[in-house]
Visitor: 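Right, I'll just put the structure down here and ask away after.
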Amino acid sequence: MKKINYLNSKSLKLHENIIKSVSNYLEREGYKVTANHINHPNGRPKNLNGFVPDISAIKNLEKIVVEVHTSPKMVFQNELKWKRFSCSGNKFWVVVPPECYEIAQMRKKVFNIPVEIYCNDLNQEFKIEPDKLNSK
């Protein structure tokens with residue numbers, strides 16, 4: 001079966017840049033990171049419940065699975081992936097650009113998916129408040 005690519009070249013570049021930004025942040029916080037799509041030196045994440053996440057990060061016994069969505073269409077097309085990643089027993093984050101934030105929050109609420117939605121504006125360094133990073 002052919003994989004469908006919902007990303008145009010601009011969206012693909014944004015997708016890669018956000019993956020790099022979030023990966024760098026998690027590495028600075030002491031996580032061992034694997035990342036898909038960017039030729040990360042640690043390789044790409046392993047398949048998790050039928051899908052490969054954009055980022056997988058582990059520190060001590062805490063694992064974070066991250067998906068990056070850069071268009072409203074991507075947010076709407078990935079409900080099954082969100083459900084599978086959120087029930088994996090790991091923290092699950094979705095990182096989106098500002099124009100997708102409200103849509104992602106709506107999907108989280110409508111489908112009652114336990115996911116943390118973060119907005120990444122590439123004009124600023126990606127970061128999360130320390131109390132959010134350490135809470136489950």
Side-chain angles (χ1 to χ4, degrees):
M1 184 162 75
K2 184 179 177 188
K3 184 177 177 182
I4 300 171
N5 188 353
Y6 296 105
L7 302 174
N8 60 36
S9 61
K10 181 180 176 188
S11 188
L12 182 60
K13 188 69 173 162
L14 177 61
H15 188 251
E16 291 170 352
N17 286 339
I18 292 175
I19 291 171
K20 287 176 189 172
S21 177
V22 175
S23 295
N24 290 340
Y25 168 78
L26 289 165
E27 287 171 333
R28 284 192 309 275
E29 293 296 317
Y31 288 83
K32 180 172 191 249
V33 171
T34 55
N36 206 2
H37 309 292
I38 61 168
N39 295 318
H40 193 277
N42 294 337
R44 62 181 251 171
K46 291 185 166 96
N47 184 307
L48 180 63
N49 295 335
F51 296 96
V52 177
D54 289 323
I55 301 168
S56 179
I58 190 162
K59 178 169 119 179
N60 301 325
L61 298 176
E62 178 184 55
K63 186 171 182 182
I64 301 172
V65 174
V66 182
E67 269 298 292
V68 173
H69 297 309
T70 54
S71 72
K73 189 173 207 172
M74 285 180 72
V75 172
F76 280 107
Q77 298 288 335
N78 285 288
E79 177 191 342
L80 179 60
K81 189 186 279 191
W82 284 29
K83 285 182 176 181
R84 291 211 180 153
F85 288 161
S86 69
C87 72
S88 66
N90 306 307
K91 283 187 177 183
F92 176 46
W93 297 357
V94 169
V95 182
V96 296
E99 61 271 16
C100 295
Y101 185 76
E102 286 184 33
I103 294 167
Q105 287 288 5
M106 180 194 69
R107 298 297 281 183
K108 170 186 175 177
K109 186 175 182 178
V110 167
F111 293 105
N112 194 29
I113 298 173
V115 56
E116 297 173 37
I117 309 288
Y118 295 103
C119 186
N120 186 220
D121 178 355
L122 288 175
N123 296 321
Q124 301 176 17
E125 183 178 308
F126 181 79
K127 62 183 175 189
I128 296 172
E129 300 302 318
D131 60 322
K132 284 266 195 186
L133 185 62
N134 296 319
S135 66
K136 178 95 174 153

Visitor: Applying the side-chain contact (heavy atoms from CB on, under 4.5 Å) test to P53, which of V68, I64, V65 qualifies?
Guide: V65

Visitor: Is the closest side-chain heavy-atom distance between V33 and S56 below 4.5 Å?
Guide: no

Visitor: Which pair of non-hydrogen atoms, one from C100 and one from P72, has the smallest distance, and what is that distance?
Guide: SG-N, 3.6 Å

Visitor: Which atom names give the shortest non-hydrogen contact between P97 and L14, and what distance separates them?
Guide: CG-CD2, 4.0 Å

Visitor: Report the distance from atom CD1 of I19 to atom CG of N24, rounding to the nearest 0.5 Å.
Guide: 12.0 Å

Visitor: Which atoms form the tightest heavy-atom contact between M74 and H69, and what is the distance?
Guide: CE-ND1, 3.5 Å

Visitor: If we count only N and O atoms by modelled type, under 3.5 Å, do the side chains of Y118 and E116 hold a donor and an acceptor together?
Guide: yes

Visitor: Are V94 and W82 packed together at the side-chain level, in the sense that at least one heavy-atom pair is separated by less than 4.5 angstrom?
Guide: yes

Visitor: What is the minimum heavy-atom distance between P114 and S86, and which atoms define it?
Guide: O-CB, 3.6 Å

Visitor: A side-chain contact here means heavy atoms from C-beta on lying under 4.5 Å apart; do F76 and M106 qualify?
Guide: yes

Visitor: Are the side chains of F92 and E67 in contact, using a 4.5 Å heavy-atom criterion?
Guide: yes

Visitor: What's the shortest heavy-atom distance between H40 and T34, and which atoms?
Guide: ND1-CA, 4.4 Å

Visitor: With a 4.5 Å cut-off on side-chain heavy atoms, are C87 and N49 touching?
Guide: yes

Visitor: Let me see the working for I55 and N36 under side chain to side chain contact (heavy atoms under 4.5 Å, CB included), right down to the final yes or no.
Guide: CA-CA 6 Å; I55 301 168; N36 206 2; over 6 Å; no

Visitor: Just one of H37, E16, R44 clears the side-chain contact (heavy atoms from CB on, under 4.5 Å) bar with D54, so which one?
Guide: H37

Visitor: If I compare all heavy atoms of L48 with all of F85, which pair ends up nearest, and what's the gap?
Guide: O-CE2, 3.4 Å

Visitor: Considering only heavy atoms from C-beta outward, does the side chain of K32 approach that of K59 to under 4.5 Å?
Guide: no

Visitor: Donor-acceptor pair, distance only, cut-off 3.5 Å: does the side chain of K108 make one with the backbone of I113?
Guide: no

Visitor: E27 vs Y31, test: side chain to side chain donor-acceptor pair (under 3.5 Å). Steps then yes/no.
Guide: CA-CA 5 Å; E27 287 171 333; Y31 288 83; over 6 Å; no

Visitor: Consider only side-chain heavy atoms of I, L, V, M, F, W and Y, link residues closer than 4.5 Å, and tell whether I117 and L80 are in one cluster.
Guide: yes

Visitor: Measure the shortest side-chain to side-chain distance between N120 and V96 over non-hydrogen atoms and say whether it is less than 4.5 angstrom.
Guide: no

Visitor: Between V95 and V66, is there a side-chain heavy-atom distance shorter than 4.5 Å?
Guide: yes

Visitor: To the nearest 0.5 Å, what is the distance between NZ (K73) and CG (N78)?
Guide: 12.0 Å

Visitor: If I take atom CH2 from residue W93 and atom CG from residue L26, how far apart are they, to the nearest 0.5 angstrom?
Guide: 4.5 Å

Visitor: Determine whether more than 12 heavy atoms belonging to other residues, nucleotides or ligands lie under 6.0 Å from atom CG of N47.
Guide: yes

Visitor: How would you list, by chain and number, every residue that makes a salt bridge (charged side-chain N to carboxylate O under 4.0 Å, His left out) with E79, sequence neighbours excluded?
Guide: K83, R107

